[in-house]
Peer 1: 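Would you mind keeping the following structure in view while I ask a few things?
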Amino acid sequence: MPGTDKSDRSFSAVTDQEALDFHARGRPGKLEINPTKPMATQRDLSLAYSPGVAVPVKAIAEDPSRAFDYTARGNMVAVISNGTAILGLGNLGALASKPVMEGKAVLFKRFADVDSIDLEVDTENVDEFVNCVRFLGPSFGGINLEDIKAPDCFIIEQRLREIMDIPVFHDDQHGTAIIAVAGLINALHLTGRDLKTTRLVCNGAGAAAIACVELVKAMGFAPENVTLCDTKGVIYKGRTEGMNQWKSAHAVETEARSLADAMEGADVVFGLSVKGALTEDMIRSMGDNPIIFAMANPDPEITPEEVAGIRDDAIMATGRSDYPNQVNNVLGFPYIFRGALDVRATTINDSMKIAAAQALADLAREDVPDDVAAAYQGVRPRFGPQYIIPVPFDPRLISAIPAAVAKAAMDSGVAQKPILNMDLYAHELSARRDPIASTLQRIYERVRRHPRRVVFAEGEEEQVMRAAVSYVNQRLGTACLLGREEQMRETARLAGIDLDRPGIELVNARVSRRVEAYTDYLYSRLQRKGYLQRDCQRLINTDRNHFGACMVALGDADAMVTGITRNYSTALEDVRRCIDVKPGHRMIGVSLALCRGRTVLVADTAVIDMPNAEELADIAEEASGMARRLGYEPRVAMLAYSTFGHPTGERSDRVREAVRILDKRRVDFEYDGEMAADVALNADVMEQYPFCRLSGTANVLVMPAFHSASISTKMLEELGGSTVIGPLLVGLDKSVQIVSMGAKDSDIVNMAAIAAYNAAS
Ligand SMILES: NC(=O)C1=CN([C@@H]2O[C@H](COP(=O)(O)OP(=O)(O)OC[C@H]3O[C@@H](n4cnc5c(N)ncnc54)[C@H](OP(=O)(O)O)[C@@H]3O)[C@@H](O)[C@H]2O)C=CC1
Ligand SMILES: CC(=O)C(=O)O
Ligand SMILES: [Mg+2]
């Protein structure tokens, strides 16, 4: 079959403990609320609260549409569940559904910049549930119903749609149907099938299943070719047991009574039931080139490995992210609501759903550009059986799907605020993408393609062990944990960490056969700096930074990460005794600051205390090289307290001189200065200097000295709510990264991945 690649689980599953730790760490759960206006002064309080707040209150009372101007309503969606059908886990109650609902709320934000809050409603009574939700309408721009069992979900959604004037969308029905249909359109195309004669069996007759079969019939499937099955078997005409009106509407005349009967010769099977519901015999009995969407979560009705074991002509999809072809409603709900909110749609109608499905299907057929390939494990996918649908991290989704949905809303007359310039809208949509996620994604995917052996020097620390396990689980390479084996095993046992897995190596410096080689190497470097052979031997035997750095220096490992037990400068001194600066380069620290959707690189945040003009020019060169390696085209601002000569002062002269040096060096990136931070970062302020050579606001900030770099990045983090990654060490001959003391396991993995990435580049 064209385009078939070897089936490949793209990245690791997580352990139960990792999942619990992830949710428990820091502030428990996955969500918090942040104000969007300052609330610092008496005046702020007077504006935000009494008396100022009375003004928008009266305006909204006069004209309800003003709520979209003066409140968060227009970008706010509630994810509401009673927990009666949580994923494929069944009815576990409202409270137990909260992790899933928080997760959906976070996905709204992450993928489409929609603010979202989860609401768990503790009732299984349909009237109570409807009443609860209907009165919440003024709070939200949309309602996303989730994991409510059939048939209650049909009644609830229908009634809420009738009484509410905002979009009400049951994700498990329509979200799932839209994505499944998008995948199906492409799978039918690849197998050359005509949908009028294609036979589909759907196992499960609940929320997701009923919506899917309704949509495939709306697409043109013949009703007699679509067979629904539930726990009682085939839903045939005349069946009475376990029926309801929604199932009856899809009952067929057939002799088949069991799922196995129905599957014989079928072209397509949709699994929307529970783990393991499809057997190998059933799959064997299907027609040629069968299309198998096993969509139960978290575990599918049958696994891709099981299918691959019995036939090689199937197009296989699951609801999970760790197999190719993820048919999951995460591809739909964030973007569908984004489009609906942006045109202030009163509802999400069939035209909008079909537009979303078609846009998704079309996207999978397009060539994948370079910057998108990273989202696909760095392997550029080609439309085919292993790639019938884009992955959730595909950065094109945010512009393609909402635009299609918004246009369909306008064309079908449900948009209250039409978009006038669709090109501009597509551009605005792309700007909503979270840039750090793409950057880290790119780094991780590149390392996955070139897995690296990384030394985790502080291997006895619990969070370092967790980071090492995560590094290996994510298929980034081998993790060498340095430490005393007994100590590491005991700590791991107490913390419930499993170190006995392929890819984790425990390295004890005291008994290593490489001690002699490392000692000789270190002695050759330090003998004229006051060190005796036995001093070097002691360093190698007892100091893990020295041992680890020598592993990297002598090629026994590709990269190293350290830093949680020692301050940065001490760790750096240890490393520098073993590793040189790359010839022709200067060692600096670059921090990545991510704030309100913007990423800036700040340098030098680690090494040179008070750089002279020459050194500032070097910093600009190193930082711009790093920016390029991370996928940014550098626009470097040489920062000072003054801008282009005013006010004057010795510190600014040095920065101005650095700009002249860069001019002489004829470097191949944009730079200018000296300039103040607001000129560098604010386009309106920059406009006051029309001669400024930067083509846009700066994305690389060269600070005049270490102290200003360190102070400003820490302030950004503590006061500005920015995420700061780094300092990343740049310019060393071998790849080493130093985390800050007390770093969390997730920070350590990120740094290990960056170290591995630098080793590869
Ligand atoms: N990939 C995705 O994006 C999505 C996947 N899903 C998955 O679909 C499944 C169903 O979810 P949802 O529709 O919301 O839940 P519902 O509770 O509404 O429906 C469940 C349906 O599954 C049927 N069922 C349960 N066990 C079996 C079995 N062994 N054989 C045949 N049918 C069975 C039930 O039959 P009966 O009517 O006889 O009780 C019922 O019809 C879940 O696994 C969920 O994770 C859901 C939404 C999105
Ligand atoms: C994905 C989803 O919504 C579900 O499995 O219920
Ligand atoms: Mg769901």
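Counting from 1, the numbers follow the sequence of the chain as shown. Remember, it's 1-based here, ligands and their atoms both numbered in the order they're listed.
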Peer 1: Tell me whether Q326 reaches ligand 1 (any heavy atom closer than 4.0 angstrom to a ligand atom).
Peer 2: no
Peer 1: Which atom name does D172 have for its N/O/S atom nearest to the Mg ion (ligand 3)?
Peer 2: OD1
Peer 1: Restricting to N, O or S atoms of D147, which is nearest to the Mg ion (ligand 3)?
Peer 2: OD1
Peer 1: Check all N, O or S atoms of E146 and name the one closest to the Mg ion (ligand 3).
Peer 2: OE2
Peer 1: In a check of salt bridge (Lys or Arg N to Asp or Glu O under 4.0 Å) between K104 and each of D172, D171, D147, D118, which one passes?
Peer 2: D171
Peer 1: Ligand 1 and I148, any nitrogen or oxygen pair closer than 3.5 angstrom?
Peer 2: no
Peer 1: Output the list of atoms in ligand 2 that are nearer than 4.0 Å to some heavy atom of N329, sorted by atom number.
Peer 2: 1 (C), 2 (C), 3 (O)
Peer 1: Hey, is E214 close enough to K217 for a salt bridge, meaning N to O under 4.0 Å?
Peer 2: no
Peer 1: So, for F111 and F393, is the gap between ring centers shorter than 6.0 Å?
Peer 2: yes
Peer 1: Does any N or O of ligand 1 fall below 3.5 Å from an N or O anywhere on N329, backbone included?
Peer 2: yes
Peer 1: Before accepting this row, confirm whether a basic side-chain N of the pair D230/R239 lies closer than 4.0 Å to the acidic partner's carboxylate O.
Peer 2: yes
Peer 1: If you compare all heavy atoms of A207 against all heavy atoms of H170, which two are closest, and at what distance to 0.1 Å?
Peer 2: CB-CE1, 3.6 Å
Peer 1: Could you tell me which atoms of ligand 2, counted from 1 in the order shown, lie closer than 4.0 angstrom to a heavy atom of E146?
Peer 2: 3 (O)
Peer 1: Establish, from distance only, whether the side-chain atoms of S248 and Q245 form a donor-acceptor pair under 3.5 Å.
Peer 2: no
Peer 1: Relative to the heavy atoms of L87, which atoms of ligand 1 are at a distance of less than 4.0 Å?
Peer 2: 42 (C), 44 (C), 45 (O)
Peer 1: Taking the side chain as everything from C-beta on, heavy atoms only, tell me whether C202 gets closer than 4.5 Å to L272.
Peer 2: yes
Peer 1: For ligand 1, which atoms have a heavy atom of K247 less than 4.0 angstrom away?
Peer 2: 36 (P), 37 (O), 38 (O)
Peer 1: Which part of N328 is near ligand 2, with near meaning a heavy atom under 4.0 Å away: side chain, backbone, both or neither?
Peer 2: side chain
Peer 1: Output yes when D362 and R365 qualify as a salt bridge under the 4.0 Å nitrogen-oxygen rule, no when they do not.
Peer 2: no
Peer 1: Please determine if V274 has a nitrogen or oxygen closer than 3.5 Å to a nitrogen or oxygen of ligand 1.
Peer 2: no
Peer 1: Evaluating non-hydrogen atoms only, which member of A207, A208, A296 is closest to atom 16 (P) of ligand 1?
Peer 2: A207
Peer 1: What do you reckon, does K149 have a nitrogen or oxygen under 3.5 Å from a nitrogen or oxygen of ligand 1?
Peer 2: no
Peer 1: Examine K232 against ligand 1 and note whether any of their N/O atoms are separated by less than 3.5 Å.
Peer 2: no
Peer 1: Please classify the V327 to ligand 1 contact at 4.0 Å (heavy-atom distances, strictly less than): side chain, backbone, both or neither.
Peer 2: backbone
Peer 1: Of the protein's non-hydrogen atoms, which lies at the shortest distance from atom 5 (O) of ligand 2, and what is that distance?
Peer 2: N297 ND2, 2.8 Å
Peer 1: May I ask you to check whether T318 and R320 show a side-chain donor-acceptor distance below 3.5 Å?
Peer 2: no
Peer 1: Does a side-chain heavy-atom distance below 4.5 Å link V133 with I143?
Peer 2: yes
Peer 1: Output the list of atoms in ligand 2 that are nearer than 4.0 Å to some heavy atom of K104, sorted by atom number.
Peer 2: 1 (C), 2 (C), 3 (O)
Peer 1: Under 4.0 Å, heavy atoms only, figure out whether ligand 1 is touched by the backbone of N203, its side chain, both or neither.
Peer 2: side chain
Peer 1: Which residue holds the protein heavy atom closest to atom 10 (C) of ligand 1, what is that atom called, and what is the gap in Å?
Peer 2: L272 O, 3.3 Å
Peer 1: Over 60° means perpendicular and under 30° means parallel, so classify the ring planes of F383 and H189, tilted if in between.
Peer 2: tilted
Peer 1: Where the closest heavy atom to atom 5 (C) of ligand 1 is concerned, which of E301, R320, M295 has it?
Peer 2: M295
Peer 1: Counting heavy atoms only, which part of T176 comes closer than 4.0 Å to ligand 1: side chain, backbone, both or neither?
Peer 2: side chain
Peer 1: If you measure only the distance, is there a donor-acceptor pair under 3.5 Å linking the side chains of E301 and S273?
Peer 2: yes
Peer 1: Between the side chains of E32 and R27, is the shortest nitrogen-to-carboxylate-oxygen separation below 4.0 Å, so that they form an ion pair?
Peer 2: yes
Peer 1: Would you call D122 and N82 a side-chain contact if the rule is heavy atoms closer than 4.5 Å?
Peer 2: no
Peer 1: Which option wins on minimum heavy-atom distance to atom 19 (O) of ligand 1: G206, A180, A205?
Peer 2: G206
Peer 1: Any atoms of ligand 1 less than 4.0 Å from a non-hydrogen atom of D230? List them with their elements.
Peer 2: 31 (C), 32 (N), 35 (O), 36 (P), 37 (O), 38 (O)
Peer 1: Please write down residue, atom name and distance for the protein heavy atom closest to atom 6 (O) of ligand 2.
Peer 2: D172 OD1, 2.9 Å
Peer 1: Near K109 NZ, under 6.0 Å, is it more than 12 heavy atoms from other residues, nucleotides or ligands?
Peer 2: yes
Peer 1: Could you find the nearest protein heavy atom to atom 34 (C) of ligand 1 and give me its residue, atom name and distance?
Peer 2: T231 CG2, 4.3 Å
Peer 1: Give me the nearest non-hydrogen protein atom to atom 23 (C) of ligand 1 as residue plus atom name, then the distance to 0.1 Å.
Peer 2: G204 CA, 3.8 Å
Peer 1: Quick one: which ligand 2 atoms are inside 4.0 Å of a heavy atom on D147?
Peer 2: 6 (O)
Peer 1: Which of the atoms of ligand 1 are close to A85, meaning less than 4.0 Å from one of its heavy atoms?
Peer 2: 15 (O), 17 (O)
Peer 1: For the 3.5 Å polar cut-off, considering only N or O atoms, please tell me whether G319 and ligand 1 meet it.
Peer 2: no
Peer 1: Are the side chains of E255 and D261 in contact, using a 4.5 Å heavy-atom criterion?
Peer 2: no
Peer 1: What is the ring orientation for F169 with H174, classed by angle as parallel under 30°, tilted 30 to 60°, or perpendicular over 60°?
Peer 2: tilted
Peer 1: Could you check R338 against N75 for side-chain hydrogen bond (donor to acceptor under 3.5 Å, both in side chains), going step by step and ending with a plain yes or no?
Peer 2: CA-CA 8 Å; R338 176 77 273 150; N75 197 45; 2.9 Å; yes
Peer 1: Which atoms of ligand 1 have any heavy atom of A150 under 4.0 Å away?
Peer 2: 18 (O)
Peer 1: Can you sort out which atoms of ligand 2 are near L87, meaning under 4.0 Å from one of its heavy atoms?
Peer 2: 4 (C), 5 (O), 6 (O)
